[in-house]
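All values reported here derive from a predicted model rather than from experimental measurement. Worth knowing before you read on, the calculation uses all heavy atoms, side chains too, and leaves out hydrogens, waters and symmetry mates.
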Amino acid sequence: MPDRDRGRAWTLLIDGAPQSHVDLDDPSYLSFEYQRRLGHVIDLVAPPGKPVQVVHLGGGAFTLARYVAATRPRSTQQVVERDAALVQLVRRELPLDPNARIRVRSVDAREGLAKVPDGWADLVIADVFSGARTPAHLTSGEFLTDVRRVVNAGGLYAANLADGPPLAHLRGQIATAAGVFPELALIADPTVLRGKRFGNAVLIASALPLPVPELTRRAASDPHPARVEHGKALRDFTGGATPVTDAAAVASPAPPPSVFR
């Protein structure tokens, strides 16, 4: 659907759920709240402008891949998007810059991740939804163990998670990531963290300390301010949730119909 406020901007909806927003004239523009938060992670994964190697699990309209290409020229990116028909639609209607080093694979996210060499990525971004739910096999410790294999020693993992009260899915995802990565942070709207409404949260993980002060400053200055939780506060928020395994994994909860009205 065209964005009436921006000349060559479009929103991608899948099964009625908004998935991506793209401005072809300004690919550095991020409209969705969660994409702005992932943009902060992209900005801080390396010094400004430095090319990076990124794996995107979930393509949508390639919004974040376009953002990386615009803000970090000469970056090398792999996009894993299972929906081949969606990839063809986006390539036709919202074409990528032919000079951008973006390779797209139409396979399942875990299958595509398994083909990435050890330590290849500076950043792995997971933004995978089947309709409006994250598939179960992308919520487990086994999945995150393969993510850690792909991320280099100083690299980051960032995931877009969606949940609502009582936030059992979100707490379980934090506990699962804590079993694989020693350093975690969570960016979310305070009302989501308090369990007042359904919404998105961005989970960030690394083997090394995260740039929490700068993430906090950027998240607080967004048009829709967010809070950053880490350390003891994040452990307390997890509330004793147990890590998810492949055997017990379930898809993230479906959002209530009111979310997209």
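- Within a 6.0 Å radius of CZ in R197, more than 12 heavy atoms belonging to other residues, nucleotides or ligands are found.
- Hydrophobic clustering, with ILVMFWY side chains joined whenever heavy atoms are under 4.5 angstrom apart, keeps V87 apart from V80.
- R82 places no side-chain N or O within 3.5 Å of a backbone atom of V107 that could act as its donor or acceptor partner.
- Cation-pi geometry between R148 and Y157 is not satisfied (NZ or CZ under 6.0 Å from the ring centre, within 45° of the ring normal).
- R91 places a side-chain heavy atom less than 4.5 Å from the side chain of L96.
- Using modelled atom types, no side-chain atom of Q77 and backbone atom of I102 make a donor-acceptor pair closer than 3.5 Å.
- Other residues sharing the hydrophobic cluster of L64, ordered by chain and number and joined by side-chain separations under 4.5 Å: L30, F32, Y34, L38, V41, I42, L44, V45, V52, V54, Y67, V68, L123, I125, L156, I187, V202, I204, L210, V212, L215, V228.
- For the pair Q173 (side chain) and T139 (backbone), a donor-acceptor distance under 3.5 Å is present.
- Nearest heavy atom pair, residue A100 against residue A69, reads CB-CB, 4.0 Å.
- Under the 4.5 Å side-chain contact rule for hydrophobic residues, L234 and V192 do not share a cluster.
- Taking all atoms of both residues into account, the shortest heavy-atom contact from K50 to A46 is CD-CB, 4.1 Å.
- Taking 4.5 Å as the limit, every side-chain heavy atom of P166 sits out of range of all side-chain heavy atoms of R171.
- A distance-only check finds no donor-acceptor pair linking the side chain of S252 to the backbone of R133 [under 3.5 Å].
- Between the side chain of D3 and the backbone N or O of W10 there is no donor-acceptor pair closer than 3.5 Å.
- For the pair N152 (side chain) and W120 (backbone), a donor-acceptor distance under 3.5 Å is absent.
- Taking a 6.0 Å sphere around CZ of R72, one finds it holds more than 12 heavy atoms contributed by other residues, nucleotides or ligands.
- The backbone N or O of L208 lies less than 3.5 Å from a partner atom in the side chain of S206, making a donor-acceptor pair.
- Proximity of L203 to I174: side-chain heavy atoms (C-beta onward) are separated by under 4.5 Å at one or more points.
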Problem - Stepwise side chain to side chain contact (heavy atoms under 4.5 Å, CB included) check, L138 with L57 - result: CA-CA 10 Å; L138 304 180; L57 303 178; 5.9 Å; no
Exercise for the section: Please report the C-alpha distance between L193 and L186 in whole Å, then the side-chain angles of each, then the deciding distance to 0.1 Å, and finally whether the side chain to side chain contact (heavy atoms under 4.5 Å, CB included) criterion is met. Expected result: CA-CA 10 Å; L193 291 176; L186 186 73; 3.6 Å; yes
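- Atoms OG1 and CD, from T216 and E229 in turn, are 9.0 Å apart once rounded to the nearest 0.5 Å.
- For H21, the ring-ring contact (aromatic ring centres under 6.0 Å, His included) partners are Y29, not counting sequence neighbours.
- For the pair R227 (side chain) and A220 (backbone), a donor-acceptor distance under 3.5 Å is absent.
- For the atom pair CZ (R36) and CG (D222), the distance works out to 4.5 Å, reported to the nearest 0.5 Å.
- Distance check, rounded to the nearest 0.5 Å: OG1 of T76 to CZ of R101 gives 5.0 Å.
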Problem - Verdict with reasoning, R66 to T63, per side chain to side chain contact (heavy atoms under 4.5 Å, CB included) - result: CA-CA 5 Å; R66 299 172 199 266; T63 303; 5.5 Å; no
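- Hydrophobic clustering (ILVMFWY, side-chain heavy atoms < 4.5 Å, transitive): F129 and V124 are in distinct clusters.
- Formation of a donor-acceptor pair under 3.5 Å by the E142 side chain with backbone atoms of D246 is found in this model.
- Between D43 and R218, at least one side-chain N (NZ, or NE/NH1/NH2) sits under 4.0 Å from a carboxylate O, which counts as a salt bridge.
- In the hydrophobic clustering of this structure, I14 does not group with V128; members are Ile, Leu, Val, Met, Phe, Trp, Tyr whose side-chain heavy atoms approach within less than 4.5 Å, directly or through other members.
- Here the closest non-hydrogen pair linking S75 and P51 is OG-CA, 3.4 Å.
- What you find for D163 and A168 is that their closest heavy atoms are OD2-N, 3.5 Å.
- A continuous path of Ile, Leu, Val, Met, Phe, Trp and Tyr side chains, each step under 4.5 Å between heavy atoms, connects L161 with L184, placing both in one hydrophobic cluster.
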Problem - Check against side chain to side chain contact (heavy atoms under 4.5 Å, CB included), R105 and K115 - result: CA-CA 11 Å; R105 292 177 173 175; K115 297 182 183 299; 3.3 Å; yes
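- The CG atom of L89 sits 5.5 Å away from the CD atom of E93 when rounded to the nearest 0.5 Å.
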Exercise for the section: Step by step, work out the salt bridge (charged side-chain N to carboxylate O under 4.0 Å, His left out) result for R217 and E214. Expected result: CA-CA 5 Å; R217 186 189 70 79; E214 184 60 17; 2.6 Å; yes
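- Closest approach of F198 to A254, counting heavy atoms only: CE1-O, 4.0 Å.
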Exercise for the section: Apply salt bridge (charged side-chain N to carboxylate O under 4.0 Å, His left out) to the pair D146 and R149, showing each step before the final yes or no. Expected result: CA-CA 5 Å; D146 206 29; R149 175 190 65 79; 2.5 Å; yes
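- Put simply, CG on L94 and CG on L12 are 8.0 Å apart, with the number rounded to the nearest 0.5 Å.
- The NE2 atom of H56 lies 10.5 Å from the CG atom of D127; values are rounded to the nearest 0.5 Å.
- With hydrogens and angles ignored, the 3.5 Å screen pairs a side-chain donor or acceptor of S140 with a backbone N or O of F143.
- Under a 4.5 Å side-chain heavy-atom criterion applied to ILVMFWY residues, the cluster that includes L13 comprises M1 as well.
- Between A162 and N200, the closest heavy-atom pair is CB-ND2, 4.1 Å.
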